[in-house]
Asks: 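Once you've had a glance at the structure underneath, I'll fire off some questions.
FYI, side chains are in, hydrogens and waters are out, and symmetry mates aren't considered; it's all heavy atoms of this structure.
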Amino acid sequence: MSNNDTLLPANFIRQIVAADLKSNKHNGRVATRFPPEPNGYLHIGHAKSICLNFGIAMENNGICNLRFDDTNPEKESIEYMESIERDVQWLGFKWSGLHHASDYFEQLYDYAVQLIQQGLAYVDSSTPEQIRANRGTLTEPGIASPDRERPIAENLELFQRMRAGDFADGQYVLRAKIDMASPNINMRDPTIYRIRRVHHHRTGDVWCIYPMYDYTHCLSDALEGITHSLCTLEFEDHRPLYDWVLEQLQTPCHPQQIEFARLQLEYTIVSKRKLNQLVTEKHVSGWDDPRMPTLAGLRRAGVTPKAIRDFCERIGLTKQNSWIEMGVLEYCIREDLNENALRAMAVLDPLRVVIENYPDDQTEQLEISNHPQRPELGKRTVPFAKTILIERDDFAENPPAKYKRLVLGGEVRLRGSYVIRCNAIIKDDDGIITELRCSYDPDTLGKNPEGRKVKGVIHWVSETDSYPAEVRLYSRLFAVPQPDNEANFLTALNPDSLEIIHNCRIEASLADAQAEQRYQFERTGYFCLDTVDSIDGKRVFNRTVTLRENWEKD
RNA sequence: UGGGUCGUCGCCAAGCGGUAAGGCACGGGGUUUUGAUCUCCGCAUACCAAGGUUCGAAUCCUUGCGACCCAGCCA
């Protein structure tokens, strides 16, 4: 038994694979695949499936393919395909083979011909409406199409002519001949080929007939030698059809389909249709808007691949429909960022502080640790001067109970610097505080003052040796836990999901912040440079997640 | 009221007949130049319900109840 068996939590799929390995069901092979349809960007729900499929393969020295389920060219595109490849790699996985269902179109066609020859498929001229009407209902059996007993030779000729383009779109379909009375509606002679004159992003105009998912997926799995075909719960009813197709045809193998519950995350949606709607109706800036649950969005927000992988492991894997609280994802993000993000100071809402007893033209280059628990991450230089900026709400004229920041006549520690005392408040004509006059204790750099305790610590930047920046504070995109349950999910959008702050000041070391670097703006949250809008010297930072807040804000 | 699937702590989730793991959340204590981190402690006599089998049941059986999925020429 390897270490993995003791370190990784048990789940029912790991158990099935382990049992199959033990019984030598697939001659010791484990082969999985991640099979997205390229009709949208990958989201956090796909991450669960990616981690599962690639994870199962890696844990067992198996292989995992990336396969595009590109059988419906109407909705698919190259852009989506490219984004999917990019996102899977970013998440940290490397596929064994890169395949497309469209690679198998010729073989799929040949298999269909075999089905016809075996009397197990027929060309139907019924209209979509007739097919639906004759399918029966959940409680009543369907009735046979008049074409169901069409002679094999005729089916063969018609199917060949469907491919040749002799017929109009929709004029005929190829149907599997199974059981119109089956209690499982998927088995009531499902359509397996339709005529559609649509340009396919990979096969161009070579085909005018396209195979359906149920027919394509099982055969693609078999052709790739997949051992465990993992999919979500809604396909449980399709498993009999998956197995039926493979049982009728001579295929390289017969993979086992196993279903698991898809991810449902509170305060978000993972419906590609709805995500697409958010993009096209401009409720967000794009598929990579940092509020989107897409991998591209999470990446731009500063979430790390490691955090997402950790999340996918923590949430477990079962067949139970369940809702994961946002707190779990946030915990995973903070855990990684707390350990690895460089600390820095940024003042979001600056208030000027003049230190009256500090020399006018003096500037000190203070050395401050990049990480309080990890000295190996080094130090940075932060300039300190007579005039500094602090966070406006780190001062209170009328402090609430237990307030431990700066108050008139009180002391506070400037992080990595001196202890200062507030001596006076200066206001403008409207009564707005414009400046604080303070004094510093020169004997408090790197040590605590004697004879008294200074509880509060606040962050700051030098007024002259700091830089302007735009900071974008993101919070949950939706205001309700289950937006999908709303009559119209758009009404559940959180109007305050983005707050843009223009006049922030960041410490000098942040001037050359790198795109991939994650920072903790101390006492504020985790941030990273926005890769899209930080241009021409303009610095834009995205908040990935706040720091945990254990105290009651007033 | 056809078929499929699922019901263990607020949210996830182990458990696979021998007497309820763990994580998140939450509450409380300690450390701390981030109200962060870290750390210690607490948190299901109880497993949808009711019967039954057994020395022993969350685990087996029976009957209920509840939830989710399926009637695309989507995947």
Side-chain angles (χ1 to χ4, degrees), chain A residues 9-11 15 35-37 39 69-72 74-76 124 126-128 131-133 135-142 169-175 182-188 190-196 209-210 212-214 216-217 231-240 259 261 266 272-273 313-332 334-335 338-339 343 345 368-369 371-373 402-405 412-419 444 446-448 454-459 520-525 546-553:
Chain A
N11 68 48
Q15 289 174 343
E37 183 189 11
N39 66 344
D69 235 326
D70 55 350
T71 58
N72 186 4
E74 281 172 297
K75 295 180 178 172
E76 299 156 6
D124 194 351
S126 300
T127 63
I131 288 179
R132 191 184 328 118
R135 187 153 26 222
T137 69
L138 294 178
T139 53
E140 299 161 306
D169 285 9
Q171 191 175 343
Y172 289 104
V173 292
L174 183 69
R175 287 228 256 171
S182 172
N184 181 343
I185 290 185
N186 294 302
M187 300 297 272
R188 316 236 265 230
T191 298
I192 58 176
Y193 266 94
R194 74 280 217 189
I195 303 174
R196 199 118 307 171
I209 57 173
Y210 291 99
M212 300 284 287
Y213 165 84
D214 285 308
T216 306
H217 201 85
C231 63
T232 43
L233 249 30
E234 67 270 27
F235 292 103
E236 276 178 321
D237 286 346
H238 296 241
R239 183 163 13 105
E259 310 84 11
E266 288 189 343
K272 275 201 254 185
R273 201 203 95 235
E313 190 59 64
R314 272 173 196 272
I315 57 176
L317 186 80
T318 66
K319 301 188 72 152
Q320 297 181 49
N321 275 125
S322 58
W323 285 87
I324 308 296
E325 293 176 341
M326 254 303 179
V328 181
L329 212 211
E330 292 181 348
Y331 178 87
C332 295
R334 289 188 186 113
E335 185 179 52
N338 173 57
E339 188 183 338
R343 310 292 124 122
M345 294 192 284
I368 301 180
S369 180
H371 190 116
Q373 282 84 36
K402 293 184 186 168
Y403 188 80
K404 48 189 271 193
R405 289 110 92 185
V412 77
R413 158 75 63 183
L414 295 177
R415 173 106 244 228
S417 179
Y418 300 96
V419 169
T444 54
K447 59 180 178 180
N448 287 322
V454 176
K455 256 198 154 182
V457 180
I458 65 173
H459 57 279
Q520 183 196 102
F521 289 177
E522 286 197 274
R523 304 206 313 126
T524 303
T546 61
L547 250 32
R548 199 168 154 222
E549 288 178 351
N550 274 336
W551 54 292
E552 294 292 314
K553 260 193 169 171

Asks: Between B/U5, B/C12, B/A14, which one does the side chain of A/Ser322 approach most closely?
Replies: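 Within the option list, the nearest is B/C12.
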
Asks: Answer with base, sugar-phosphate or nothing: what part of the nucleic acid does A/Arg314 contact at a heavy-atom distance below 4.0 Å?
Replies: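 Since only primed, P, OP1 and OP2 atoms lie under 4.0 Å of A/Arg314, the category is sugar-phosphate.
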
Asks: Would you mind pulling out the nucleotide paired to B/G51, Watson-Crick or G-U wobble, both distances under 3.5 Å?
Replies: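 Base-paired to B/C61.
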
Asks: With both distances under 3.5 angstrom, what nucleotide forms a Watson-Crick or G-U wobble pair with B/U37?
Replies: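 Paired with no nucleotide.
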
Asks: Could you tell me which residues satisfy side-chain hydrogen bond (donor to acceptor under 3.5 Å, both in side chains) with A/Gln373, sequence neighbours excluded, listed by chain and number?
Replies: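 Counting only residues at least two positions away or on another chain, A/Gln373 forms no side-chain hydrogen bond (donor to acceptor under 3.5 Å, both in side chains).
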
Asks: Looking only at atom P, what distance separates B/U45 and B/U39, rounded to whole Å?
Replies: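 To the nearest whole Å, 28 Å.
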
Asks: Suppose we screen for ring-ring contact (aromatic ring centres under 6.0 Å, His included). Which residues come up paired with A/Tyr331, at least two apart in sequence or across chains?
Replies: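 Testing A/Tyr331 for ring-ring contact (aromatic ring centres under 6.0 Å, His included), a comparison that skips the adjacent residues, returns none.
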
Asks: Taking protein heavy atoms under 4.0 Å as touching, what does nucleotides 70-75 of chain B look like 5' to 3' if B marks base contact, S marks sugar-phosphate-only contact and - marks none?
Replies: BBSBSB

Asks: Please confirm whether the shortest side-chain N or O distance from A/Thr139 to OP1 or OP2 of B/U1 is below 4.0 Å.
Replies: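 Checking B/U1 against A/Thr139, no side-chain N or O comes under 4.0 Å of OP1 or OP2.
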
Asks: Classify the nucleic acid contact of A/Gly456 as base, sugar-phosphate or nothing, counting any heavy atom under 4.0 Å across all strands shown.
Replies: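 Since no nucleic acid heavy atom lies under 4.0 Å of A/Gly456, the category is nothing.
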
Asks: The criterion is side chain to side chain contact (heavy atoms under 4.5 Å, CB included); which residues satisfy it with A/Val419, sequence neighbours excluded?
Replies: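 Applying side chain to side chain contact (heavy atoms under 4.5 Å, CB included) to A/Val419 gives A/Glu411, A/Arg413, A/Thr444, A/Pro449, A/Val454.
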
Asks: Can you list everything that forms a side chain to side chain contact (heavy atoms under 4.5 Å, CB included) with A/Ile185? Sequence neighbours excluded, please.
Replies: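 Checked A/Ile185 against side chain to side chain contact (heavy atoms under 4.5 Å, CB included); matches are A/Arg135, A/Leu138, A/Arg188.
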
Asks: Between A/Gln320 and B/U8, does any side-chain N or O lie under 4.0 Å from OP1 or OP2?
Replies: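 For B/U8, OP1 or OP2 has a side-chain N or O of A/Gln320 closer than 4.0 Å.
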
Asks: Name all residues meeting the side chain to side chain contact (heavy atoms under 4.5 Å, CB included) criterion together with A/Thr232; count only those two or more places apart in sequence or in a different chain, and write none if there are none.
Replies: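 Expected list: A/Glu234, A/Phe235, A/Phe260, A/Arg262.
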
Asks: Please determine, for the side chain of A/Thr318, which listed nucleotide (B/G4, B/A13, B/U33) has the closest atom?
Replies: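 Nearest to the side-chain atoms of A/Thr318, counting from C-beta on, is B/A13.
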
Asks: Atom CD of A/Glu313 to atom P of B/A14: distance rounded to whole Å?
Replies: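 Roughly 11 Å, once rounded to whole Å.
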
Asks: Listed by chain and number, what are the side-chain hydrogen bond (donor to acceptor under 3.5 Å, both in side chains) partners of A/Thr546, not counting sequence neighbours?
Replies: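 A/Arg334.
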
Asks: Could you work out, with side-chain hydrogen bond (donor to acceptor under 3.5 Å, both in side chains) as the rule, every residue matching A/Asp214, not counting sequence neighbours?
Replies: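 Listed in chain order: A/His238.
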
Asks: Please identify each residue that fulfils side chain to side chain contact (heavy atoms under 4.5 Å, CB included) with A/Asn39, with sequence neighbours left out.
Replies: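 A/Asn39: side chain to side chain contact (heavy atoms under 4.5 Å, CB included) contacts with A/Glu37, A/Lys75, A/Glu76, A/Lys272.
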
Asks: Say you pick atom C1' in B/A21 and the same atom in B/C43; how far apart are they, in whole Å?
Replies: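 Comparing C1' positions in B/A21 and B/C43 gives a spacing of 15 Å.
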
Asks: Which part of the nucleic acid, if any, lies within reach of A/Glu259 when heavy atoms closer than 4.0 Å are counted: base, sugar-phosphate only, or nothing?
Replies: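 Since no nucleic acid heavy atom lies under 4.0 Å of A/Glu259, the category is nothing.
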
Asks: For nucleotides 37-41 of chain B, print each protein N/O atom paired with a nucleotide N/O atom at under 3.5 Å, atom names and distance only.
Replies:
unit_1: B/U37; atom_1: OP1; unit_2: A/Arg548; atom_2: NH1; d: 3.0
unit_1: B/U37; atom_1: O2'; unit_2: A/Asn338; atom_2: ND2; d: 2.9
unit_1: B/U37; atom_1: O2; unit_2: A/Gln373; atom_2: NE2; d: 3.2

Asks: Identify whether any heavy atom of A/Lys455 sits under 4.0 Å from a base atom; if not, whether one sits that close to sugar-phosphate; answer base, sugar-phosphate or nothing.
Replies: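 A/Lys455: no heavy atom of the nucleic acid under 4.0 Å.
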
Asks: Which residues pass the salt bridge (charged side-chain N to carboxylate O under 4.0 Å, His left out) test with A/Lys447, sequence neighbours left out?
Replies: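 Scan of A/Lys447 (salt bridge (charged side-chain N to carboxylate O under 4.0 Å, His left out), adjacent residues dropped) gives A/Asp443.
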
Asks: Provide a list of protein-nucleic acid N or O atom pairs under 3.5 angstrom, restricted to nucleotides 64-68 of chain B.
Replies:
unit_1: B/C68; atom_1: O2'; unit_2: A/Asn321; atom_2: OD1; d: 3.0

Asks: So what does A/Lys404 hit on the nucleic acid, given a heavy-atom distance under 4.0 Å: a base, only sugar-phosphate, or nothing?
Replies: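 The residue A/Lys404 makes base contact.
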
Asks: Across all strands shown, which nucleotide pairs with B/C6 by Watson-Crick or G-U wobble geometry, both distances under 3.5 Å?
Replies: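 B/G66 - that is the nucleotide pairing with B/C6, both distances being under 3.5 Å.
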
Asks: Using a heavy-atom cut-off of 4.0 Å across all strands, would you classify A/Lys272 as base, sugar-phosphate, or nothing?
Replies: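 It contacts nothing in the nucleic acid.
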
Asks: For the C1' atoms, the ones on B/U53 and on B/C60, what distance do you get once it is rounded to whole angstrom?
Replies: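 Roughly 8 Å separates the two C1' atoms.
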
Asks: Checking all strands, does A/Glu325 fall into the base, sugar-phosphate, or nothing category for heavy-atom contacts under 4.0 angstrom?
Replies: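 Counting heavy atoms under 4.0 Å across all strands, the contact made by A/Glu325 includes a base.
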
Asks: Would you classify A/Gly416 as touching base, sugar-phosphate or nothing, given that sugar-phosphate means primed atoms plus P, OP1 and OP2, and contacts are heavy atoms under 4.0 Å?
Replies: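 Base, at least one base atom sits under 4.0 Å.
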
Asks: Check the pair A/Asp124, A/Ser126 against side chain to side chain donor-acceptor pair (under 3.5 Å), reporting the backbone distance first and the verdict last.
Replies: CA-CA 6 Å; A/Asp124 194 351; A/Ser126 300; 2.7 Å; yes

